[in-house]
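Before I ask anything, here is the structure I am working with.
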Protein chains: 2
Amino acid sequence: MYPKSLQELIEAFRKLPGVGEKSAERYALNITDMQEEDVRRFAQALVDVKTKLRQCKICGNLSEEDECEICKDTSRNAKQIVVVQSAKDVLAMERLEEFNGTYHVLNGLLSSSKGIMPEDLNIDTLIKRAQEAEEIILATSTTMDGEMTALYLNKILKKECPSVLVTRIAHGLPSGGFLDYADEMTLAHALSGRRKVEE
Amino acid sequence: MYPKSLQELIEAFRKLPGVGEKSAERYALNITDMQEEDVRRFAQALVDVKTKLRQCKICGNLSEEDECEICKDTSRNAKQIVVVQSAKDVLAMERLEEFNGTYHVLNGLLSSSKGIMPEDLNIDTLIKRAQEAEEIILATSTTMDGEMTALYLNKILKKECPSVLVTRIAHGLPSGGFLDYADEMTLAHALSGRRKVEE
């Protein structure tokens, strides 16, 4: 019913995660109101992201060069490696401005339901890097797949690099969380992960 | 923190209505996972929408040609014209598959707060079309600006084309609506707009 070009743009927007018919329509109609220069810049940004970005050869993070900014930064501690699911998690960690080590981006999680196997993830390169590392911090999500992936990585790292310290990020009550709203799993982890209160 | 091309794409997505930082990030990261061909098609669709689409010379609807599909369709009743705010409303009406007349897209509503005046809207062309029409159905929204616009159009149409029938879409309780949840304005309209029950 819409003109062909508009229909095609609506379909393109619909392919984005969580975008339904109504939102896609709103976005596409909004494009007709934008300045042509801004629309061309948007189109160019799409193509640039797809053609210029690749995975950092060392850590798997997104980068426009062979090695990402973090891996190239010699002031960072390459012996401490936080293992995350995606490039987005790197950004979340970097926002803290507390961590001065490096990252390893798996680009996914093991999943029996989705059929994602170890060879589908950046695990080989992690094992190579672990030979030189002091600590591997497993920071995959605390979901079923995240926990499974952490368990698997712990097992294989213990086997391949027995000298490296493998840790897991803490799992417990979030800040501002109420006990009576927490699910049982969270509460059980919060209890089992308790620490001595420092004086 | 993200590579430059990714940052630019995030900013482009952020300009879409209702898209915040988190969604823009998710959309942009999703582009890195898409097939290059799909991304190029997306980029082309953006540019096409901006460069190929224009307003139908007759009704103001979006079209790739001088006249839109609806205005060109001689099986439709050009003497009955539904006046709407935007091209999106045309689609909503067309989905009903009940109306066989034509449309007139104002491309906005009069608004004293936003400073939108009659000369900013497709009103001149409506008055010209009204000379040949039998009925003008004012289907602007039942918001303050929509009502103001309908009042204004009624006044000017009565003056310029006294022979045309000007009607307003019904304003009342929506389907599935409960009386006790309806706001006073809706309820007042539902009452004043009551109709005799047909046997």
Problem - Check against ring pair (Phe, Tyr, Trp, His ring centres under 6.0 Å), F13(B) and Y27(A) - result: CA-CA 9 Å; F13(B) 276 123; Y27(A) 298 163; 8.2 Å; no
Problem - L6(B) versus chain A, the contacting section by heavy-atom distance below 4.5 Å - result: both
Practice task
Provide the closest heavy-atom pair for V49(B) versus S5(A) in the form atom of the first, atom of the second, distance.
Solution key: CG2-O, 3.3 Å
Practice task
Sort L29(B) into side chain, backbone, both or neither according to what part of it lies under 4.5 angstrom from a heavy atom of chain A.
Solution key: side chain
Fill in the blank from the handout: Only one of E64(A), E69(A), R54(A) passes side chain to side chain contact (heavy atoms under 4.5 Å, CB included) with P3(B), and that residue is E64(A)
Practice task
Apply the test side chain to side chain contact (heavy atoms under 4.5 Å, CB included) to residues L9(A) and D48(B): give CA-CA distance (whole Å), side-chain angles for both, the deciding distance (0.1 Å), then the verdict.
Solution key: CA-CA 9 Å; L9(A) 185 57; D48(B) 282 354; over 6 Å; no
Exercise for the section: Please determine, among K52(A), E8(A), E25(A), the option with the most heavy-atom pairs under 4.5 Å with chain B. Expected result: E25(A)
Problem - Which atoms of S63(B) approach chain A - backbone, side chain, both or neither, heavy atom under 4.5 Å - result: backbone
Exercise for the section: Identify whether the distance between the nearest side-chain nitrogen and carboxylate oxygen of K4(B) and E65(A) falls below 4.0 Å. Expected result: no
Exercise for the section: List the atom of N30(A), the atom of P17(B), and the distance in Å for their closest heavy-atom pair. Expected result: CG-CD, 3.5 Å
Fill in the blank from the handout: On a heavy-atom basis, the closest approach of V47(A) and R40(B) is CG1-NH1, 3.5 Å
Practice task
Could you have a look at L91(A), N61(A), L53(A) and say which one has the most heavy-atom pairs with chain B under 4.5 angstrom?
Solution key: L91(A)
Handout entry: R26(A) versus G18(B), closest heavy-atom pair with distance
Key = NH2-CA, 4.5 Å
Handout entry: Heavy-atom check, side chain of T51(B) versus side chain of V39(A), under 4.5 Å
Key = no
Practice task
Please confirm whether the backbone N or O of M34(A) pairs with a side-chain atom of K50(B), one donor and one acceptor, at under 3.5 Å?
Solution key: yes
Exercise for the section: Please look at Q35(B) and chain A and tell me whether the side chain, the backbone, both or neither of the residue comes under 4.5 angstrom of a heavy atom of that chain. Expected result: backbone
Exercise for the section: Indicate, with yes or no, if I58(A) and V105(A) share a hydrophobic cluster defined by side-chain heavy-atom contacts under 4.5 Å among Ile, Leu, Val, Met, Phe, Trp and Tyr. Expected result: no
Exercise for the section: Answer yes when E21(A) and K88(B) have at least one side-chain N-carboxylate O distance shorter than 4.0 Å, and no when they do not. Expected result: no
Practice task
Side chain from CB out, backbone as N, CA, C, O: work out which of these in D33(B) comes under 4.5 Å of a heavy atom of chain A, or both, or neither.
Solution key: backbone
Problem - ILVMFWY network linking L106(B) to I156(B), side-chain heavy atoms under 4.5 angstrom - result: yes
